[in-house]
Asks: 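I have a structure I would like to understand better, so I am pasting it below and will then ask my questions one at a time.
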2 protein chains.
Amino acid sequence: MSKTTLEQRIRSDIEARIRSGALRPGDRIPFEHELVAAYGCARATVSKAVEALAKAGLVERRRKAGTFVAHPHVQSAVLAVPDLEKLIAARGEAYRWTLIEQCRASASDLETGDIPSPALRIDGVHHADGVPLALEMRLISLSAVPLAASQPFGERSPGAWLLEQVPWTEARHEIGAANPTPEEAAALDMPTSGACLEVRRWTWQSGAPVTYVRQLFPGGRYHLMAEFTPGA
Amino acid sequence: MSKTTLEQRIRSDIEARIRSGALRPGDRIPFEHELVAAYGCARATVSKAVEALAKAGLVERRRKAGTFVAHPHVQSAVLAVPDLEKLIAARGEAYRWTLIEQCRASASDLETGDIPSPALRIDGVHHADGVPLALEMRLISLSAVPLAASQPFGERSPGAWLLEQVPWTEARHEIGAANPTPEEAAALDMPTSGACLEVRRWTWQSGAPVTYVRQLFPGGRYHLMAEFTPGA
DNA sequence: ACCGATATTATGTCTAGACATAAATGTGGG
DNA sequence: CCCACATTTATGTCTAGACATAATATCGGT
């Protein structure tokens, strides 16, 4: 067990009072000088504790007025967008990647992915225990990742390789639903009428496009999960 | 323009060197005592700046060794799961909620939503400019929110009301794809063969279930978005 | 009662130290 | 050469103040 510092003890004391409902949204928590007296420590210490709660969004600080329990407002959650290879391995299933096609990206590809020419296009399927879990269509900017041109993506999936290769600094996801085309349905071993979860991700490094990927998950075989505990 | 403190200037100076690529993952950033000398300030100030970068996951601190630029590893993003009423209003479209049914929740409802009896069940549709944007099936625990029983959900959507009423402390989302039943397709004015984005959310307050909601979005009319800039 | 200037006060930022802790490094003995 | 031990050093936590800032509360005059 790790040693708890005074700062985190103060923080968790207050947090417990909020989560239990003893302190409700809008209520004022004790002033810093009151906490200083209660814990017999310096103001910097209680200040850091309360500051952490404020950055976590649990309380709101107002000069002269004091510090108040925040009203929950924005509904946001931390979404896990896992590396599929690791995800499947973590579930104890056998991972397999099969390449469908590896070629130069066409002009229309580049437009949908917002990637500059020249770029590589890689299509393939992620399997878990032999069952197709996701169809992946990826574009990789060759000006950002020249090494990609000489990689054997028939053997390894491009996602994990890219993550090691190019640290990205910015990413955007769009998550929606789509029906597969007949070819996509065949690759996923599913009926054309079935719904698919569609995840599209754009990734940049310091403003320069690195990769675009569109993943299609057969509905029911996979879902994304997002947990949210304010301030945790 | 807001006044920048010395602490955030130190922080953004280092962050800029990381994002520009001048400092690459694995590189050591200057020691605290070097930064103290460079900026001519107290160690507490540079320590807070570097600490903030560490909490943001941009750098990793190791005793005796120093502070190093972190390798990006987990792929996670902040997902916005907006209140639909506010989202539609923010896009400049006209919001309308229509109630389909309001009744006591059945035993099978309670099981899927993991809500204790007694509970209220509310079905309805969110419209944007008259077009159905989402079908919503919601359960509200009456032991957690007794007031819900006497609310006129024919007029207002239950989501926004609940958020004001009961501050939640924990939430879990599952995001997947599904085909609508014929009734659901009719309510959404879409073909049965079309894919839908399905968002299911469980909400607790201090461990006690508050509400469960399942929302069905016709594919193409809506998608969730998630942005991620490490440390922002 | 209303409005504006002033005093008060809680938080925001910072200094200049102290001591604790853990990990890398150097040192000597086997 | 390798292992055990002591040393060094950067970060971790904390103290006891100082001054700045912004918002509330009070008081006085109209």
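Throughout, protein chains are lettered first and strands after them, A, B, ... in sequence-line order, and every chain is numbered starting at 1.
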Asks: Taking atom types as modelled and ignoring hydrogens, do the side chains of Arg28(B) and Thr67(B) form a donor-acceptor contact shorter than 3.5 angstrom?
Replies: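 There is no such pair (donor and acceptor under 3.5 Å, judged by atom type) between the side chains of Arg28(B) and Thr67(B).
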Asks: For Ile29(B) and dA10(D), give me the distance from atom CD1 to atom C1', rounded to whole Å.
Replies: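 Whole-Å distance recorded here is 12 Å.
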Asks: Strictly below 4.0 Å, heavy-atom distances to any atom of DNA chain C: list the hits from residues 39-51 of chain B, or just say none.
Replies: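 Per residue number, the list reads Cys41(B), Ala42(B), Arg43(B), Ala44(B), Thr45(B).
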Asks: Please identify the 5'-most and 3'-most nucleotides of DNA chain C with any atom under 4.0 angstrom from a heavy atom of chain A.
Replies: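 Listing 5' to 3', DNA chain C meets chain A from dT8(C) to dT21(C).
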Asks: Find out whether the Lys NZ or Arg CZ of Arg91(B) is both under 6.0 angstrom from the six-membered ring centre of Tyr95(B) and within 45° of the ring's axis.
Replies: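 Relative to the ring axis of Tyr95(B), which defines the angle, Arg91(B) lies outside at least one limit.
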Asks: Between Arg62(A) and Phe68(A), is a side-chain contact (heavy atoms from CB on, under 4.5 Å) present by the stated rule, with each step listed?
Replies: CA-CA 8 Å; Arg62(A) 289 210 307 277; Phe68(A) 301 83; 3.7 Å; yes
Asks: Which of parallel (below 30°), tilted (30 to 60°) and perpendicular (above 60°) describes Trp97(B) and His126(B)?
Replies: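 Plane angle between 30° and 60°, so tilted.
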Asks: Evaluate Ser117(B) against Leu110(B) for side-chain contact (heavy atoms from CB on, under 4.5 Å), listing each step before the verdict.
Replies: CA-CA 7 Å; Ser117(B) 184; Leu110(B) 297 174; 3.8 Å; yes
Asks: Take Glu136(B) and Val213(B), measure what side-chain contact (heavy atoms from CB on, under 4.5 Å) needs, and give me the verdict at the end.
Replies: CA-CA 7 Å; Glu136(B) 175 170 317; Val213(B) 61; 3.5 Å; yes
Asks: With a cut-off of 3.5 Å and sequence neighbours excluded, list every side-chain donor-acceptor pair involving residues 35-58 of chain A.
Replies:
from	atom 1	to	atom 2	distance (Å)
Tyr39(A)	OH	Asp13(A)	OD2	2.6
Arg43(A)	NH1	Glu32(A)	OE1	2.6
Ser47(A)	OG	Glu32(A)	OE2	3.4

Asks: Can a side-chain donor-acceptor contact be found between His127(A) and Thr98(A) if the only test is distance below 3.5 angstrom?
Replies: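 A pair is found: one side chain offers a donor N or O, the other an acceptor, under 3.5 Å apart.
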Asks: Rounding to a whole Å, what distance do you find between Arg63(A):CZ and dA22(D):C1'?
Replies: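 Result: 5 Å.
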Asks: If you assign each of Lys64(A) and Glu7(A) to its closest nucleotide in DNA chain D, which residue comes earlier from the 5' end?
Replies: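 Nearest-nucleotide comparison on DNA chain D picks Glu7(A).
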Asks: Quick one: Arg61(A) CZ to dT24(D) P, roughly how many Å, whole number?
Replies: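 Atom-to-atom, Arg61(A) to dT24(D), this comes out as 16 Å.
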